[in-house]
Amino acid sequence: MGSIRQRLKAAQNRPSKPARYSAAGLLVRGARSQEWPRVWRSHDLEKSYDVVIVGGGVHGLACAYYLATNHGITNVAVLEKAYLGSGGSGRNTAIVRSNYLTAEGVAFYDRSLSLYNTMSSDLNMNVMFSERGHLTLAHTDAALRTMRWRAEVNKLQNIESTVIDPSEVKKLAPSLDVSPNTRYPILGALHHPPGGTIRHDAVVWGYARGADHRGIQMHQQTEVLDIMVEGGDGPDGKGPGGKVTGVRTNRGDISTPIVVNCTAGWATLISDMAGVKLPITTHPLQAAVTEPVKVFLPTVVVSGSLHVYVSQTDRGELVFGASVDPYATYSMKGSLEFTEELAGHVLELMPNIGRMRLLRQWAGLCDMTPDYSPVMGFTPVEGFLCDVGWGTYGFKAGPVSGEQMAEAVATQRTPKLIEPFKLERFEKGTLVGEKGAAAVGH
Amino acid sequence: MMLVPCPHCGPRNSTDLHYVGESHPRPSVNDVTAEEWRTYLYMRDNPAGLLTETWYCRSGCRQYFTAVRNTATNEFVNHPLPGNRAGAVDPSFHYVSESKTGSVQPTIEGAPS
Amino acid sequence: MSEPATFASPVVSIPDFHSGMGIAVPTLRDESTTTKMLVRADNDSAVAASLGVSFGSAILKGGNVLVAATRPTEWLALGDPASVAAVIDQLVAVAEESGNPNHMSTVDLTHGRALFRISGAAAAKTLEKVCSLDWADNMMPDGAVASASVAKVTCDIIRNNQYEQTSYLIASDRSSAQYLFDAIIDAGAEFDIAVV
Amino acid sequence: MTRLPRQPGEVIDRSVPLRFTWNGKATTGFSGDTIASALAASDTRIFARSMKYHRPRGLLTADYWDPNGFVQVGDDPNVRSGHRLLEAGMEVSAQNVWPSLDFDIKAANGLVGRFLTAGFYYKTFMKPAKLWPTYEKVLARFAPGGTIDLDSPHRYHDKRYAHPDVVVAGGGPAGMAAAIAAASVGASVMLVEHNHHLGGALLWGTDVDRATGARLAAECMTSENIEVLLDSTVTGRYEDNWVAIVQRSHPIAVERLIKARAKSLVVAPGLIERPYVFAGNDKPGVMLSGAVRRLVNMYAVQPGSRAVVFTANDDGDQTARDLERVGIEVACTVDARRGENIVAAEGSTKSVESVVLGDGSSIDADLLITAVGWTAPTSLLNLAGDRPAYDPAAARFFSSRLPDNILVTGGLAGDGSLDELIEHGSATGNLAARRALVVAATLQKLTTRAAPLAGDPGEVPADDRAPLGRNPHPELHRSSTHGIVDYSEDVSSKDLFAAAKEGYDSVELIKRFTTATMGPAQGKLETVNTVAVLAEARGETIADVGTTVWRPPYAPITLGALGGRIFEPVRVSTVQSWHEAHNATPILAGQWIRPEHYGDPVGEVRNVRSGVGIIDVTPLGKLDLQGPDVPKLLNLLYTNKWVQLPIGGVRYGVMCAEDGVVMDDGVTARLGEQHYLMTTTSSGAGGVWEWAENWLQTAHPDWRVHVTPVTTAYTSINVAGPKSRELVSRLTDIDLDPQAFAYMQVRTGTVAGIDKCVMWRIGFTGELSYELHVPSGFGLHVWDTLMDVGADLGVAPFGLEAQRVMRLEKGHFIVGQDTDGLTKMPSVGMNGLIKLDKDDFSGKVELGLALDHTASLALPRLVAIQTTDPNIVPEEASQIVRAGTNEILGRITSSRMSPTLERSICLGQVLPEAAEPDTILTVVMTTGERITAKVMQHHAHFDPEGDRLRV
């Protein structure tokens with residue numbers, strides 16, 4: 001451990017002079033027809049790094065960014081097999097909130113939300129955080145009870161979260177049918193004013209730009225083929241008891257003492273390379289968007305019973321999501337039945353928008369765990385850390401996960417905020433209770 | 001919509017079935033350690049390749065069966081067997097899914113092919 | 001005491017609608033009062049052999065009992081009470097004779113299932129609006145038995161032509177019967193479905 | 001523009017004029033017109049304004065994909081005016097204009113366009129942070145698109161399934177030939193044409209083209225094996241050729257979704273003409289050759305008076321000939337094949353006035369037509385995993401790898417004369433059919449219920465088609481000037497250059513950063529030019545850059561069509577009609593509709609406690625279990641022991657999942673030597689059945705047990721209250737003497753004249769009660785009889801709410817309410833029911849670990865709780881905290897005012913430290929107020945000894 005920490009401390013910091021984004025900058029450059037500098041640079045792969053982060057999505061990039069900003073560790077490579085943000089980071093429905101069910105969950109996501117709140121100025125990139133409020137509808141007494149449970153837990157942690165009645169729901173989202181005679185009557189909702197949406201790609205680019213300015217290298221089109229581990233119990237010296245020595249990629253080998261796995265749906269494929277078993281299965285999560293119409297839905301609406309969530313972008317498109325596909329697969333082909341169920345359920349909620357047209361559907365891969373909570377921190381292989389198991393919550397947790405994982409890497413200790421999410425909990429049988437609220441999704 | 005080869009009904013739409021998940025032999029409950037038991041309960045192989053898994057033909061014959069599917073292509077590679085027995089990969093398995101006849105591998109766009 | 005008890009059908013309301021009653025018009029009939037006896041036995045048992053029909057097919061037994069193999073190890077016998085009872089008695093005798101009566105059991109589902117009959121040239125066209133099965137003659141020939149979702153209710157379906165006319169029997173859980181009846185009528189409205 | 005004299009290929013019916021309004025102004029068109037052609041014929045030149053700069057826009061393609069042709073029709077937003085047929089009385093208006101089409105305030109954006117580069121919003125509006133919501137509202141004003149009318153009725157939509165041998169996507173010459181060829185070898189074919197007529201490009205072609213098209217179309221329409229679907233689109237091709245077809249014109253539904261399991265899919269959508277990028281390319285009057293030929297030949301509309309034609313292919317040449325034929329002056333034909341070029345369209349913002357050519361000369365014209373090549377709409381192929389490859393010689397993409405069940409023909413496959421295209425289509429249809437018949441035979445062979453297959457399905461036929469050639473075509477994407485690349489999104493080639501230089505230099509990144517190709521046409525017009533400009537910026541070729549992935553649907557589909565007729569099954573008991581007639585307040589419980597109460601739940605409780613009440617508990621899950629090994633199964637499913645249950649006995653049990661979490665509970669009765677009846681919770685009925693089958697089929701296939709769900713075979717009626725014995729005794733032959741029929745026993749017999757009833761003595765309510773399970777066909781009769789014969793006893797129905805109150809008085813937990821997804825069995829206070837000395841049962845290992853002293857200490861406990869102030873009822877889910885802090889110790893899971901005890905009663909989950917009897921708890925009310933409450937000795941608030949049950 002000592003050697004790792006010393007190396008991390010000795011990490012060089014290579015600041016660069018970034019061009020600040022601002023209205024004035026737009027005017028000046030516009031007037032002079034001057035170009036903006038590259039948002040991030042490309043590099044040759046070096047022989048060794050202090051830290052290698054696998055996965056160039058929000059989690060990996062945030063981890064890199066906070067390693068540099070909070071801990072001065074910059075000899076870091078982020079390896080991305082496609083382009084930055086090509087996985088779940090660019091495929092999610094960009095909803096953020098902190099109204100979780102468990103105290104652990106609330107504390108964690110609240111930190112994430114506060115990082116999102118100041119992100120535009122922190123990263124000097126407008127991530128267009130739209131704090132438009134978040135409604136989780138209840139169609140049954142049981143769901144209403146769960147909403148109240150969440151609200152009460154939230155209130156005790158000073159999170160704005162209240163259960164409201166159908167007439168208040170109608171005021172916040174006039175397009176919803178709150179009449180009592182529908183198949184799924186809206187009996188009330190959990191209202192979470194701080195929740196909202198954000199421009200997911202901007203979060204990716206903002207972290208990448210910030211990391212680049214601080215000397216961290218992002219390598220796109222760089223696929224990890226193997227992780228070198230010595231001294232472990234398993235075949236080839238991998239597995240528990242082993243120690244990470246390097247990474248093999250399609251662009252060459254790298255030696256490194258620390259590998260952080262931030263690969264969401266591909267998490268087990270990467271952890272298999274180190275000989276670490278995970279309680280994760282990969283399921284696609286599909287989403288869809290309609291053609292734009294003039295804005296009529298001012299808030300985020302979620303219905304757990306109907307497995308749907310919807311928000312309207314500033315461009316006027318409705319963005320929809322649902323629950324993960326029923327069977328494990330790495331295929332992201334998407335399905336017709338997803339759009340059928342989705343449309344049927346949306347029309348139960350908003351019967352008057354049948355004329356809107358679905359424009360595009362897509363899928364991302366989710367890393368589902370048995371308790372709908374992540375697997376974070378150290379593993380039985382020294383130097384191999386995980387930030388995975390996010391399921392459908394990964395985007396919301398991006399900033400705080402990066403921050404906490406960076407702290408874990410830098411201090412070689414598990415930060416308190418992620419203590420409940422350690423891999424060991426599965427062996428001990430102490431699962432996190434977020435499962436209680438899992439049925440209500442986003 | 002994927003066609004799933006039910007050993008009793010024949011090919012069925014995947015929405016007719018319920019996916020149970022990865023098949024693992026259940027340890028003997030009387031001499032298992034906590035660690036072994038929880039590995040059985042929670043840990044998964046989750047390969048991007050051949051996966052032995054259990055399905056339940058919910059809208060059809062209501063039978064459980066064990067199939068082997070390539071999770072990268074969603075191709076079934078043998079005639080599933082009833083119950084929890086898994087058959088070996090059968091190269092002569094003649095099935096109607098297209099992945100059998102084409103060599104289409106899923107990739108993420110923008111990734112090196 | 002109230003009125004003498006009569007079997008109450010699960011279909012309590014028949015929607016008021018106009019029907020053209022043309023020759024190609026599909027017809028829907030509520031046959032829920034039919035006696036429905038479920039027989040369970042191993043596939044390799046003497047009972048199964050005596051039933052003479054395996055999963056996916058139906059045959060007529062004893063002249064007027066339709067025996068449909070609705071699942072591996074499961075058969076549904078449909079008919080009038082006496083005829084069904086006769087068939088069951090005969091099976092019980094076969095089971096006892098085989099020396100392994102434990103291999104057979106029966107459950108009376110007369111009250112547990114609704115039974116509809118949809119007939120006519122456009123019956124399949126109506127059903128393809130509510131069910132994903134392939135209704136082509138080679139895929140669902142006369143005597144074929146399938147289980148499938150019909151308007152999201154899992155049903156046993158038997159192709160059982162009558163008078164050389166295409167006809168299907170649909171058995172569902174009793175509690176969903178009214179919903180299912182309405183859903184089929186709505187699907188068939190396009191073809192002027194008639195309730196008979 | 002005005003209407004030309006009658007054209008030989010026109011599809012309008014001049015004898016049927018149709019009146020409609022355009023922005024409120026009365027206008028007229030003809031039957032057969034599209035909205036766009038009718039508007040164009042009535043001199044409309046500006047159809048819309050662009051999204052960002054609000055520049056006036058006119059028709060570009062005059063078809064479905066026209067990015068400038070979006071209009072609002074009544075309450076229908078984003079209608080494709082180039083596609084939608086005109087109807088009498090339509091109220092058509094322009095979208096995205098304020099205050100009007102001709103005078104648009106937001107057009108001022110155009111003046112500051114140089115500052116509003118793509119993605120500008122990422123770089124500004126950050127400070128002051130407080131103002132971002134205001135900025136956001138302003139940005140939202142620029143949202144394009146029409147308006148949703150929230151009072152618009154929900155229209156009738158429909159769906160159907162289909163199982164054709166061959167689906168042909170596209171009714172042009174190759175598609176029609178494919179359909180005819182497939183049908184001729186006996187395949188069933190669905191021919192799907194996006195437009196309103198079969199024929200594709202032949203419709204606006206030469207006399208020979210039209211004659212050939214008409215002949216093929218007639219053959220398709222009359223073939224018995226071909227179902228022709230017009231104004232319909234194959235919107236997606238999903239796994240195993242699950243093909244989605246949207247039928248836009250259908251007599252019974254606004255839109256109908258067809259889900260077809262195609263054995264072969266023939267993809268023949270033709271090609272989509274591509275715009276050219278140059279300065280002024282979005283001025284009204286700049287049109288693609290296809291637009292002009294459609295307008296002139298199909299709709300007899302004069303698109304301008306003096307034209308410049310920039311052509312790189314036969315279509316451009318033919319356009320010039322068409323114009324000359326109808327007397328429109330062609331001022332100049334600029335031929336790209338001779339190296340000629342155009343560099344700018346000049347004029348006012350509202351119209352082209354002149355065209356600047358590559359040599360610097362300028363020609364006056366009000367119409368500039370470009371014919372620079374095509375985009376191959378490979379969307380359906382992408383969905384099958386294809387990665388189209390770019391052929392620079394032909395200047396377009398071609399498919400590279402496809403599964404056998406997809407075949408490509410027509411322009412997507414290559415070029416050729418009309419005869420060659422038809423021949424290729426024919427060969428494709430034939431191959432598709434032969435392959436389909438192999439798949440059909442395979443399906444038939446594999447499907448158990450199907451007719452036996454004579455012979456073997458055979459091998460999938462190899463592709464024996466002679467391939468189409470590829471005509472050389474110049475690569476024309478951008479001139480030397482910058483212009484619009486994505487019309488819908490207002491993205492220019494300059495924006496793309498800037499974005500690429502800034503580092504958004506892969507096709508996916510540039511798409512995300514600039515939003516190019518993200519608009520309603522989803523790249524049909526824009527993708528190739530976007531890729532070309534990016535390649536240029538990177539100094540690479542189009543092949544190097546590659547293309548973006550087309551995502552479904554191929555064309556947008558309404559939510560109504562996707563939702564279809566919504567199937568939401570509901571379940572009711574036989575007694576439901578009685579409940580409705582007696583003013584029961586319904587409650588939805590899963591699929592079940594049940595009576596919550598009949599007006600006075602408190603009165604209902606009192607009536608049961610003091611007299612007798614009846615409740616319809618039909619949804620209670622019931623499983624018939626038969627066979628010699630039933631006790632083994634019960635031992636496995638429940639945590640307690642079942643081997644010695646006598647005939648006539650009833651026992652309670654809890655089921656746990658393998659992780660020890662409580663999943664269901666209920667009672668099981670032994671009716672006979674090998675015959676048992678199990679009850680489950682209402683919501684657990686399906687799950688427990690599948691759980692039992694799972695164990696039997698996968699773990700113990702040798703056990704002889706038959707499980708049959710009989711939930712609705714019985715109408716279940718619980719008769720509860722001190723007078724229940726009196727009531728039931730009046731209509732049964734079963735001996736109700738407490739010695740003969742004790743608590744937790746079962747009997748079968750006659751009730752109200754109905755044979756084969758099952759009756760057991762249990763007591764969820766805590767009162768003497770008999771639960772009757774009556775064959776459902778007679779359920780209403782028995783219910784009526786109970787009400788009749790019990791009138792003098794004061795019998796009254798009670799609903800779910802009264803039952804909930806009474807079970808809470810008795811401290812019975814409800815799975816899923818008082819337990820949650822992590823509640824292991826030791827938490828519910830029933831450790832006595834966990835029998836670890838059994839050989840095996842579900843959850844045994846985890847429960848063994850949980851019962852271990854240290855582990856069990858950490859588990860929360862379910863306890864009965866009473867508030868200090870008996871009049872305060874904390875809401876369910878109120879939190880229990882450590883006094884003076886916000887540290888959560890537990891929560892109230894159930895609470896009610898008890899009419900029997902006349903005080904508030906609760907159940908709650910608390911940590912072990914707060915679970916001891918008499919512990920004083922702090923409960924946080926939902927108002928924030930903190931109250932105190934006490935942990936009780938027993939779960940039961942009322943009659944903890946159960947004396948009332950056993951009388």
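Chain letters run A, B, ... following the sequence lines, proteins first and then strands; every chain starts at 1.
- Both the backbone and the side chain of C:S147 come within less than 4.5 Å of a heavy atom of chain B.
- At a 4.5 Å heavy-atom cutoff, the contact between C:A148 and chain B is made by backbone and side-chain atoms alike.
- In C:Q162, the CD atom is crowded: over 12 heavy atoms of neighbouring residues, nucleotides or ligands sit closer than 6.0 Å.
- Residues of residues 36-67 of chain B lying within less than 4.5 angstrom of chain C, judged on heavy atoms, are B:R58, B:S59, B:G60, B:C61, B:R62, B:Q63 in numerical order.
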